[in-house]
K.L.:
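Here it is: the structure, laid out below.
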Amino acid sequence: MTGVTDLLDLAPVIPVVVLHDAADAIPLARALVAGGLPVIEVTLRTHTALDAIRAISAEVPEAIVGAGTVLRPAQAEAAVEAGARFLVSPGWTDRLLDALQAMGVPFLPGVATASEVLALLERGVREMKFFPAEAAGGVSYVRSLSAPLPTARFCPTGGIGPESAREYLALPNVGCVGGTWMLPADAVRTHDWGRVRELAAQAAALRGAGAGA
């Protein structure tokens with residue numbers, strides 16, 4: 001992976017992982033990779049997130065682990081130091097964007113409006129997270145951005161399930177989607193990694209399904 005464009009093309013779905021126990025990080029990452037989803041976003045919403053990123057980076061080299069919910073420059077620095085290979089934020093400010101660009105890894109700043117997309121395009125950023133996808137207008141909104149803003153490319157995240165994922169992936173301005181449906185809370189809690197692997201495989205098959213939708 002050399003850039004954010006590659007990141008959007010590696011898999012149709014980026015699992016958005018919230019881990020409360022760092023011991024789950026390695027088996028969960030292995031299950032996702034085995035199912036065909038090698039790009040894994042670990043959100044910085046829990047105190048174990050950096051440890052989880054560190055563990056996946058060290059023990060699951062076939063995974064491309066990144067950090068999500070990056071809100072401050074210091075978080076971006078800490079995540080990269082822990083081994084994060086990409087960064088994702090729910091939104092952006094000039095200060096945060098400067099920090100993301102300085103980290104030397106691919107990043108996806110969040111947008112929810114056409115004005116925010118235009119502002120990023122002015123800063124030379126063409127790949128973005130569209131968040132919260134369903135609440136901010138869903139498939140029809142992202143589709144409507146493609147004609148006036150054809151150079152922008154999105155990873156919609158927020159409220160997406162397997163059915164809506166197919167619709168997003170059929171759009172010309174969507175590279176991949178982010179979601180959590182392949183990580184049911186009960187499966188993670190009971191360490192049912194086989195179920196996670198199966199759901200990941202179903203998600204990984206969505207690229208072809210979406211292309212023909």
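Atom set for the values below is all heavy atoms of this structure, side chains included, hydrogens, waters and symmetry mates excluded. Positions are given from 1, in the same order as the sequence printed here. Bear in mind the structure is a predicted one, so any value in this text is a computation, not a measurement.
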K.L.:
Quick one: are E41 and V65 in side-chain contact, heavy atoms under 4.5 Å?
P.N.:
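E41 does not reach V65 side chain to side chain.
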
K.L.:
When you measure from the side chain of S57 to the backbone N and O of R54, does any donor-acceptor pair fall under 3.5 Å?
P.N.:
no

K.L.:
Can you check whether G194's main-chain N or O pairs, donor with acceptor, with E198's side chain at less than 3.5 Å?
P.N.:
no

K.L.:
For D6, is there any backbone N or O sitting under 3.5 Å from a side-chain donor or acceptor partner on D9?
P.N.:
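Side chain of D9 to backbone of D6: no pair is present.
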
K.L.:
Should the pair R189-D21 be classified as a salt bridge under the 4.0 Å nitrogen-to-oxygen rule?
P.N.:
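So R189 does not pair with D21 through a salt bridge.
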
K.L.:
Is the shortest heavy-atom distance from the side chain of V88 to the side chain of V16 under 4.5 Å?
P.N.:
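Not touching, per the 4.5 Å side-chain cut-off.
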
K.L.:
Minimum heavy-atom separation for A84 to A67, with atom names?
P.N.:
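Of all heavy-atom pairs spanning A84 and A67, the closest is CB-N, 4.0 Å.
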
K.L.:
Looking only at non-hydrogen atoms, find the nearest pair between P38 and A11 and report the distance.
P.N.:
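Heavy atoms of P38 and A11 come nearest at CD-CB, 4.0 Å.
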
K.L.:
Report the C-alpha distance between W193 and L28 in whole Å, list the side-chain angles of each, state the deciding distance to 0.1 Å, and finish with yes or no for side-chain contact (heavy atoms from CB on, under 4.5 Å).
P.N.:
CA-CA 6 Å; W193 308 126; L28 183 147; 3.7 Å; yes

K.L.:
Distance alone, cut at 3.5 Å: any donor-acceptor contact between the side chains of S115 and T113?
P.N.:
no

K.L.:
Whether the side chain of S89 engages the backbone of T69 through a donor-acceptor N/O pair (distance < 3.5 Å, no angle test) should be reported.
P.N.:
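Not confirmed, S89 side chain does not pair with T69 backbone.
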
K.L.:
At what distance, to the nearest 0.5 angstrom, does CD of E62 lie from CG of L32?
P.N.:
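Answer for the CD-CG pair, E62 versus L32, is 11.5 Å.
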
K.L.:
Would you sort out whether V177 and I14 count as a side-chain contact (heavy atoms from CB on, under 4.5 Å), showing the intermediate values?
P.N.:
CA-CA 6 Å; V177 301; I14 297 178; over 6 Å; no

K.L.:
Locate the shortest heavy-atom distance separating E134 from I160; write the atom from each residue and the value.
P.N.:
CG-N, 4.2 Å

K.L.:
One pair to check against side-chain contact (heavy atoms from CB on, under 4.5 Å): W181 and V13. What are the steps and the verdict?
P.N.:
CA-CA 10 Å; W181 73 87; V13 180; 3.9 Å; yes

K.L.:
If I take atom CG from residue L8 and atom SG from residue C155, how far apart are they, to the nearest 0.5 angstrom?
P.N.:
6.5 Å

K.L.:
Any ring-ring contact (aromatic ring centres under 6.0 Å, His included) involving residues 128-164? Give me the pairs, sequence neighbours left out, ordered by first then second residue.
P.N.:
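For residues 128-164: F130-Y141.
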
K.L.:
Mark yes or no for whether Q75, through its side chain, and L71, through its backbone, hold a donor-acceptor pair below 3.5 Å.
P.N.:
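Yes, because the side chain of Q75 sits within donor-acceptor range (under 3.5 Å) of the backbone of L71.
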
K.L.:
Taking the side chain from T93 and the backbone from L96, do they hold a donor-acceptor pair closer than 3.5 Å?
P.N.:
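Here the side-chain-to-backbone pair exists.
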
K.L.:
Is there side-chain contact between W92 and E116, with heavy atoms separated by less than 4.5 Å?
P.N.:
yes

K.L.:
Decide yes or no for L108 and L7: does some side-chain heavy atom of the first lie under 4.5 Å from some side-chain heavy atom of the second?
P.N.:
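In short, these two side chains touch, coming nearer than 4.5 Å.
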
K.L.:
If you define the side chain from C-beta out and look only at heavy atoms, does anything of R123 sit under 4.5 Å from L97?
P.N.:
yes

K.L.:
Could you state the interatomic distance from CZ (F107) to CG (L100), rounded to the nearest 0.5 Å?
P.N.:
6.0 Å

K.L.:
Nearest 0.5 Å, please: how far is CZ in R126 from CG in L149?
P.N.:
11.0 Å

K.L.:
Does the side chain of M182 reach to within under 4.5 Å of the side chain of Q202, using non-hydrogen atoms?
P.N.:
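SC-SC contact between M182 and Q202 ruled out.
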
K.L.:
For R197, does the CZ atom sit with more than 12 other heavy atoms under 6.0 Å from it, leaving out its own atoms?
P.N.:
no

K.L.:
At their closest point, which heavy atom of S146 faces which heavy atom of P172, and how far apart are they?
P.N.:
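Closest approach of S146 to P172, heavy atoms only: CB-CG, 4.5 Å.
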
K.L.:
Is there a side-chain contact between V17 and T43 (heavy atoms, below 4.5 Å)?
P.N.:
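No - every pair of side-chain heavy atoms lies 4.5 Å or more apart.
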
K.L.:
List the atom of R153, the atom of G175, and the distance in Å for their closest heavy-atom pair.
P.N.:
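Result for this residue pair: NH2-CA, 3.7 Å.
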
K.L.:
How many angstroms lie between CG in L171 and CZ in R143, if you round to the nearest 0.5 Å?
P.N.:
5.5 Å

K.L.:
Are T151 and E127 packed together at the side-chain level, in the sense that at least one heavy-atom pair is separated by less than 4.5 angstrom?
P.N.:
no

K.L.:
Please report the shortest heavy-atom distance between S164 and V139, naming the atom on each side.
P.N.:
O-CG2, 4.3 Å

K.L.:
In Å and rounded to the nearest 0.5 Å, what is the CZ to CD1 distance from R85 to I64?
P.N.:
5.0 Å

K.L.:
Evaluate the side-chain contact (heavy atoms from CB on, under 4.5 Å) criterion for residues H20 and V18: first the C-alpha distance (whole Å), next the side-chain angles of each, then the deciding distance (0.1 Å), finally the verdict.
P.N.:
CA-CA 7 Å; H20 297 279; V18 181; 4.0 Å; yes

